[in-house]
There are 2 protein chains.
Amino acid sequence: MKISTRSRYGLRLLIELADHDNTAPLFLSEIAKKQQVSEKYLSKLVISLRSCGFIKSVRGAHGGYLLAKPATEINLAQIIACLEGEFSFIDCTSCPETCDRSHDCASRMAWVGLEKVMKGYCEGLTLEAIRLNPDAPLPL
Amino acid sequence: MKISTRSRYGLRLLIELADHDNTAPLFLSEIAKKQQVSEKYLSKLVISLRSCGFIKSVRGAHGGYLLAKPATEINLAQIIACLEGEFSFIDCTSCPETCDRSHDCASRMAWVGLEKVMKGYCEGLTLEAIRLNPDAPLPL
DNA sequence: ATAAACACTACCAATATAGTAGTATTAAGA
DNA sequence: TCTTAATACTACTATATTGGTAGTGTTTAT
């Protein structure tokens, strides 16, 4: 039940972009260096982030990446959904057919509730709020 | 970020025990059959569940398993911690040393908050409450 | 033209998860 | 006391996921 490095690195990358003056693009090489992460690996993440509409890229020399929309309009639930494929803690919550006991499963109820709580928190937390690093991590 | 089958099966097994009259032990073979899961696989889970003090076993013929304490005194956070090894969504929350940027990491705050919310929910949900299948968090 | 940057595809390695096999131990009951 | 039904334990294998690399193609400022 660990969050993957995709989400971890991806969020950090977005924070980096949000922190940066958004008029000029940021090189991936620069982000990679600053975060001490493989540029090649990040280059796979940005494809997802771009297709989800969080960032836009500038190709060619002096290219790079910038946020495609204000950090106030991106929330953690969206970022996770983008990088993990979907926001789901267990398959039978979104797709009851994956298990034939879904119709009457006490344990499923617990998982559905947990996922709901997680989603609520993440939807309420914007990239901007994360970036500003509130010393109290505002629980729901 | 999926919950593992260990936790899923483990929770279902505990519910089975909680549903059962706790004076006589339940065979693992019976639980496995009822849940249509490999008995061998369950036999590994019960070792963890027993060492965490949730269940007790009766060896020999007519043996089996029963709850070691009331279902009201076991909560979901404990069950997850038992079966996943620990209740942790990301390593740097409980152990900042795993990452050298922990001291000032905006993204870490977000994960700490998420984990806190998850833990809060799970600690508040007892096995008994799960078993009783509250109509609360139930969309199918 | 050249070099700097992203875009894309394919692959490999490491780890974690899921599941199996087989043996040892315990205890009820004939 | 022998047999049988059950848990206890150790070791192994298979599969899936994750993390990461390699290499080539494309775009564009200079």
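Labels below follow one simple rule: chain letters A, B, ... track the order of the sequence lines, proteins then strands, and each chain is numbered from 1.
Protein atom NZ of B/Lys56 is 18 Å distant from nucleotide atom C1' of D/dA6, rounded to whole Å. Rounded to a whole Å, the CG atom of B/Leu66 is 13 Å from the C1' atom of D/dT7. Atom pair B/Leu45:CG and D/dT7:C1' shows a separation of 14 Å (rounding to whole Å applied). The nearest whole Å value for the distance from the CG atom in B/Leu49 to the C1' atom in D/dA8 is 15 Å. The nearest whole Å value for the distance from the CZ atom in B/Arg59 to the P atom in D/dA6 is 14 Å. Distance, B/Leu83 CG to C/dT17 C1': 14 Å, rounded to whole Å. B/Gln35 has its CD atom 13 Å from the P atom of C/dG19, to the nearest Å. As rounded to whole Å, 5 Å separates atom P of C/dG29 from atom NE2 of B/His62.
Nearest nucleotide to the A/Arg50 side chain, out of D/dT30, C/dC8, C/dA18: C/dC8. Closest to the A/Glu39 side chain, of the nucleotides C/dG19, C/dC6, C/dT26, is C/dC6. Of the candidate nucleotides D/dG19, C/dA7, C/dA18, C/dA7 has the atom lying nearest to any side-chain atom of A/Tyr65. Listed candidates were D/dG19, D/dA29, C/dA18. Nearest to the side chain of A/Tyr41 is D/dG19. Nearest nucleotide to the side chain of B/Ser38, out of D/dT7, D/dT21, C/dT20: C/dT20. Comparing D/dA8, C/dA4, C/dC6 by their closest approach to the side chain of B/Ser57 singles out D/dA8.
Looking at heavy atoms from C-beta onward, B/Val58 lies out of side-chain contact with B/Tyr65 at the 4.5 angstrom threshold. In this structure, A/Glu86 and A/Asp91 have side chains that are in contact, with non-hydrogen atoms separated by less than 4.5 Å.
Counting any heavy atom pair closer than 4.0 Å across all strands shown, A/Val58 reaches sugar-phosphate atoms only and no base atom. Using a 4.0 Å heavy-atom distance criterion, B/Phe27 is classed as a sugar-phosphate-only contact. Residue-level contact check: A/Arg8 touches neither bases nor backbone, having no heavy atom under 4.0 Å from any strand.
Judged by distance alone, the side chain of A/Arg108 and the main-chain N or O of A/Cys92 form a donor-acceptor pair under 3.5 Å.
Checked by distance alone, A/Lys40 brings no side-chain donor or acceptor within 3.5 Å of a matching partner on the base of D/dG19.
In terms of position along DNA chain D, the nucleotide closest to B/Gly64 lies nearer the 5' end than the nucleotide closest to the other residue of the pair B/Lys44 and B/Gly64. Residue A/Gly60 is the one, among A/Ile47 and A/Gly60, whose nearest nucleotide of DNA chain C lies closer to the 5' end (criterion: closest heavy atom).
No side-chain donor-acceptor contact under 3.5 Å links A/Ser107 and A/Arg101. Looking only at atom types and distance, the side chain of B/Ser7 has a donor-acceptor partner in the side chain of B/Glu84 under 3.5 Å away.
Proximity of B/Ser4 to the phosphate of C/dT17: no side-chain N or O atom is located under 4.0 Å from OP1 or OP2.
Aromatic ring orientation, B/Tyr9 versus B/Tyr41: perpendicular (interplanar angle above 60°, classes split at 30° and 60°).
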